[in-house]
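Read through the structure below, which is laid out as structure tokens, and then see the notes.
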Amino acid sequence: MDRNTNEAELFAAVRADFPATERWTYTDVSGRDILSGRVRAAIDAHLDERMYNGGDKAKMFALIERVRDKFASFINADSDEIAYTKNISEGLNIVATALPWQAGDNVILCPELEHPNNVYPWLNLERHGLETRMVAPRDGHIPVDRIIERIDAHTRVVTVSSVTFAPGFRTEFERLGRLCRERGIFFLVDGAQSIGTLKTDVRASFIDGLSVSTQKGLLGLYGMGLLYVRREWAERMQPTYLARFGVDLGDAHEAAMGGYAYKLMPGARRFDLGNYNFLATAALEPSLDLLLEIGSERIERRLARLAHALAQGFIDLGLPICGGAPGAHMTNIVTVGTLGNGGHDGVNDSRMNDLAAHLVDNKVKFSLRRGLLRFSFHIYNNSDDVKRILDLTRAFLRK
Ligand SMILES: Cc1ncc(COP(=O)(O)O)c(C=O)c1O
């Protein structure tokens, strides 16, 4: 794609490769992505190669290293700082269990706004004397001030979602990261709701660990994740699970046994275990190429524009937007309703439920989360999607 192609043409060409956009007004990347034609072609090519030729292992390993390099450059890390995982939970658990804990140490988090997958890994360590220090949210935000107040000499980890899954606000993670760096505290980020949709720079944000999966903003498949661990930390960590790929045997065969006295791989590579999810990696590569080509700043700006337009449109129609007028807290996500007025995937307000049903009947895809209708944008969305949702909502409200 020509870098000089104008913005509208560029994104129109992107959208044309996502066939689901012809069937749906798809605003649910916070739930899961839709697949592009180029991703489907990469999946088919990988499967064809396995089906007709058995597959070439050297090429498969080359794919793993290429994608590791591309992901590293996407988040401004070094390749040695990236490990392959199967999802976010695994990445978070890898970090949680590889740190040198002592009884009485604590981790600080805001469990009410974290996904359970970033709460249970810490509760699981309480049996080793770790204290899970919980802070309450403030107006739907992870309160960075409250976290900072709770830090003490025994704090080893602070963990947050970069953007919460509901209500979808951006955490002030750079401020927290800087403070953790000054105090030698491991700053661990769950990037589920920001990777691919928000510019990610682990160095500029003072992030020590970042766990992501590939089925949302990275526009890939389920069953694969990537874990960044800053080299200085990774090389002080002992993996809880260890297998061949975590051991440094130079260029030896993938199944070669080394000596019993082993050396760990450099950086986060020590967390790799055995054979990789080659299919999901093949699927990820063209999406990463596309995201790198468009550029994450441009993506973030465009998605914020779409989200602001939708939020303002809802406000003009008199609907309650979580967080009020669009501002710096917003990313690619818009949530409508009252946070907490419903279970994890429901809304206890009959009017909002009727609106949700009306949108579903008209082929709009979005999620219900904790009393909220959650709409989330990605590169295949455009202002027609925003207009369509607002037109449908206006028609519903007139009934
Ligand atoms: C903030 C957050 N963390 C984690 C996950 C999922 O974790 P995993 O990849 O382990 O299934 C999600 C999925 O919706 C999420 O929104």
Side-chain angles (χ1 to χ4, degrees), residues 26-34 71 75 82-97 107 109-124 137 140-142 157-173 176 187-198 200 205 207 209-229 241 271 273 276-277 280-281 283-284 287 303 322 329-335 339 343-346 365-378:
Y26 194 90
T27 53
D28 199 17
V29 71
S30 289
R32 78 194 75 90
D33 57 21
I34 46 178
F71 181 70
I75 63 168
I82 308 299
Y84 277 82
T85 63
K86 59 175 186 269
N87 46 40
I88 291 175
S89 311
E90 189 175 51
L92 297 171
N93 271 280
I94 284 173
V95 170
T97 56
V107 51
L109 66 151
C110 177
E112 284 180 51
L113 291 180
E114 289 302 326
H115 192 284
N117 291 351
N118 195 20
V119 180
Y120 289 115
W122 309 107
L123 299 179
N124 189 34
H141 292 263
I142 293 180
V157 174
V158 166
T159 183
V160 297
S161 289
S162 43
V163 173
T164 56
F165 72 86
F169 299 161
R170 184 194 157 108
T171 307
E172 277 185 282
F173 53 88
L176 201 47
F187 183 49
L188 178 61
V189 174
D190 173 344
Q193 298 295 348
S194 64
I195 195 72
T197 49
L198 205 74
T200 306
S205 308
I207 292 172
L210 174 75
S211 188
V212 305
S213 59
T214 64
Q215 79 277 11
K216 298 185 200 273
L218 288 178
L219 300 170
L221 294 180
Y222 276 108
M224 178 174 163
L226 291 153
L227 173 69
Y228 159 80
V229 183
Y241 283 5
F271 301 120
L273 290 168
Y276 298 92
N277 187 341
T281 310
L284 178 62
S287 288
L303 304 186
C322 221
H329 62 282
M330 268 183 68
T331 56
N332 64 321
I333 303 175
V334 177
T335 45
L339 180 61
H344 174 74
D345 54 356
K365 286 244 190 186
F366 57 97
S367 310
L368 300 182
R369 283 288 177 281
R370 296 188 173 179
L372 304 168
L373 276 58
R374 180 184 68 182
F375 303 86
S376 47
F377 295 105
H378 209 347

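Both ligands and their constituent atoms are indexed starting at 1 by order of listing.
In the model, S213 has no side-chain atom that pairs as donor or acceptor with a side-chain atom of N87 under 3.5 Å. No donor-acceptor contact under 3.5 angstrom links the side chains of N118 and S161, judged on distance only.
In terms of the side-chain hydrogen bond (donor to acceptor under 3.5 Å, both in side chains) criterion, residue partners of S30 (sequence neighbours excluded) are, by chain and number, Q193, S376. In this structure, the side-chain hydrogen bond (donor to acceptor under 3.5 Å, both in side chains) partners of S89, at least two apart in sequence or on a different chain, are N117.
Counting non-hydrogen atoms of other residues, nucleotides and ligands closer than 6.0 Å to OH of Y120 gives a total of 12 or fewer.
The contact shell of ligand 1, taken as protein residues with any non-hydrogen atom closer than 4.0 angstrom, comprises N87, I88, S89, H115, N117, S161, F165, D190, A192, Q193, S213, K216.
Sorted by first and then second residue, the salt bridge (Lys or Arg N to Asp or Glu O under 4.0 Å) pairs with a member in residues 214-226 form an empty list; sequence neighbours excluded.
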